[in-house]
**Q** 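One structure follows; several queries about it will come next.
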Amino acid sequence: MTTQRRTGAVAQTLWGSKTKVDAQMLAYTVADDREVDARLVRWDILGSLGHLAGLERGGALAASQGAALRRALRQALVAATSGRLTIGPAHEDVHSAVEFWLTRRFGDVGERIHAGRSRNDQVATDLRLYLRDALLTLHGRALDVAAALTAFAARHRTALWPGYTHQRRAMPSSAALWALAHAEGLLDTAESLDALWRRVDRCPLGSAAGYGAPLPYDRRAAARALGFAAPVASVTSVQNERGKLEGAVLAWCAEFGHDLAKLSSDVILFSAAEFGWLVLPAELATGSSIMPQKRNPDLFELTRARAAQVEGARAEVAALARGLPSGYHRDFQFLKAPLFRGLDRTAEMLAMMAAALPRLGVDRARGLAALQGEILATDEALRRTRAGESFRAAYRAVAAEVKAGRPMPRLGAAELIAARRVAGGVGAPAIAAARRRLAAARRWNARARRGWERAMARLAGRRG
């Protein structure tokens with residue numbers, strides 16, 4: 001075992017050597033791994049319990065050794081949960097923190113856990129365990145936002161306001177249509193987790209540094225113990241997937257960011273005095289240090305900013321991983337920070353939107369008052385079409401009247417709604433369809449979580 005000093009502390013590594021290692025170099029290579037790895041401690045221990053199952057079933061460990069190591073790992077899990085097992089200055093990363101905790105307390109027992117394993121397949125397993133939890137949490141939060149938007153649509157089903165193309169008034173729309181469009185976008189992204197989940201739900205253990213290990217080991221037993229659907233089929237593909245998998249996760253997060261940034265821009269615009277059909281309550285606004293009258297939509301502006309940060313994290317991962325040859329490279333160490341940052345920002349956005357959207361109001365009178373004049377030109381052209389004119393003749397006639405400054409016939413809310421009974425339109429918003437999709441997505445989430453949480457409970461020694 002090699003020990004080196006770093007800023008006054010002894011840094012212990014798992015790659016023992018009698019060669020003296022430069023302390024500055026060691027600090028440089030560790031970088032911020034201790035801080036970044038802090039969220040992986042629990043998953044590293046659970047991953048080790050899964051690895052133990054592969055060793056036992058393969059015959060690499062005697063039953064008595066396996067039982068002793070299982071007891072030690074479960075004690076480590078309790079210590080991590082209580083905050084007694086942490087990553088300190090003396091550790092290179094999460095893996096050394098856990099292994100040295102075990103060996104200090106259990107000696108030879110703790111030193112057996114790394115047999116047939118590399119930190120390369122160890123961290124890949126930690127990350128997939130972490131991602132299963134994080135992705136299902138984000139999925140649930142996205143459904144909460146979609147549910148809030150669907151409820152908003154139901155509350156304001158008949159509230160009308162202008163719809164826009166090219167940022168110019170186009171045709172009459174409604175609060176329900178607006179909210180359901182955003183809900184549907186979130187549901188589209190949430191439902192696409194099924195494909196991403198199949199990629200995450202494969203176990204890297206047994207791949208070691210990318211070429212397996214000359215040791216009897218049951219990869220299926222390890223995968224089964226951790227609640228994975230299967231092992232990663234080729235041991236070499238585990239490392240080739242690094243960066244690609246993180247990028248796919250952040251691409252999924254970025255889709256939520258796309259929808260939430262667009263939603264936020266709409267709220268900022270439609271709640272401005274120049275529009276006014278959305279009402280932002282005072283408790284969701286900030287003020288100005290110089291202008292007493294100001295009520296600023298900062299939470300929505302900072303949602304757009306967080307969405308940009310998710311895109312930035314995705315770009316960082318792509319830049320780190322692009323063009324590397326096959327196999328493991330230390331560059332992969334820096335994939336974790338942008339991955340976690342992107343996941344955190346996405347979680348923050350979804351939680352805030354779920355809390356804010358139910359408190360948005362609608363000014364029905366203001367929205368309806370905006371539906372007069374040129375925005376009714378299409379209604380007039382289609383009224384003439386229903387009366388027997390060809391659409392092109394009606395279009396040209398109405399265009400000439402608009403150019404001449406003639407007013408379009410006024411229409412009330414009931415007339416506007418009655419003329420728009422097409423499925424999914426102003427008169428028939430797809431509220432029921434959104435509710436059905438929400439219910440199905442929540443069932444999928446519950447099924448996906450149930451199986452692997454039972455596996456985690458069994459590994460921890462709880463009844464699952």
Side-chain angles (χ1 to χ4, degrees), residues 14-15 37 40 43-44 46-55 57-58 60 93-95 114-135 192-253 313-340 342-343 448 451-452 455:
L14 295 174
W15 40 277
D37 279 7
L40 295 178
W43 304 113
D44 193 77
L46 287 165
S48 292
L49 282 159
H51 177 60
L52 174 58
L55 291 171
R57 288 295 300 271
D93 51 27
V94 62
H95 317 302
H114 205 63
R117 183 172 67 174
S118 164
R119 286 187 297 174
N120 300 348
D121 63 339
Q122 190 173 356
V123 71
T125 303
D126 292 358
L127 286 170
R128 290 183 190 228
L129 293 172
Y130 175 84
L131 283 172
R132 287 195 304 191
D133 182 57
L135 291 176
S192 71
L193 178 57
D194 187 29
L196 178 58
W197 184 260
R198 287 194 291 274
R199 293 174 64 179
V200 173
D201 197 24
R202 293 181 294 163
C203 184
L205 285 175
S207 64
Y211 308 100
L215 189 78
Y217 188 85
D218 191 329
R219 296 191 68 212
R220 291 190 178 279
R224 192 163 50 248
L226 288 166
F228 284 106
V232 176
S234 169
V235 293
T236 305
S237 70
V238 170
Q239 298 309 317
N240 285 0
E241 185 77 352
R242 295 291 302 276
K244 184 179 174 184
L245 181 61
E246 289 89 341
V249 168
L250 290 172
W252 185 71
C253 292
R314 179 186 179 188
E316 185 177 348
V317 161
L320 283 165
R322 186 176 290 119
L324 294 174
S326 295
Y328 175 78
H329 307 277
R330 191 64 180 266
D331 311 52
F332 295 160
Q333 176 176 324
F334 286 158
L335 292 171
K336 290 179 287 187
L339 172 65
F340 295 158
L343 290 166
W452 75 267

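Numbers for residues simply follow the sequence, beginning at 1. No hydrogens, no waters, no symmetry mates; every other heavy atom, side chains included, goes into these values.
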**Q** Side chains of F332 and L324: does their closest heavy-atom pair fall under 4.5 Å?
**A** yes

**Q** Check this for me: R220, atom CZ, are more than 12 non-hydrogen atoms of other residues, nucleotides or ligands nearer than 6.0 Å?
**A** no

**Q** Looking only at heavy atoms, which two atoms of L226 and R132 are closest? And how far apart?
**A** O-NH2, 2.6 Å

**Q** Given side chains that start at C-beta, do those of L193 and L135 come closer than 4.5 Å, heavy atoms only?
**A** yes

**Q** Going through the distances and angles, do H95 and D126 end up as a side chain to side chain contact (heavy atoms under 4.5 Å, CB included)?
**A** CA-CA 10 Å; H95 317 302; D126 292 358; 3.3 Å; yes

**Q** What do you reckon, is CZ of R57 surrounded by more than 12 foreign heavy atoms closer than 6.0 Å?
**A** no

**Q** Are the side chains of R219 and V235 in touch, meaning some heavy atoms are under 4.5 Å apart?
**A** yes

**Q** Classify the ring geometry between W452 and W43 as parallel (under 30°), tilted (30 to 60°) or perpendicular (over 60°).
**A** tilted

**Q** Taking all non-hydrogen atoms of both residues, which atom of Q239 and which atom of G327 are closest, and how far apart?
**A** CB-C, 3.7 Å

**Q** Is it possible for you to check whether R117 lies under 6.0 Å from the centre of the six-membered ring of Y217, through NZ or CZ, and within 45° of that ring's axis?
**A** no

**Q** Taking the side chain as every heavy atom from C-beta outward, state whether E246 and L127 have any pair of such atoms under 4.5 Å apart.
**A** yes

**Q** Taking atom CG of L196 and atom CG of L245, what is their separation to the nearest 0.5 Å?
**A** 7.0 Å

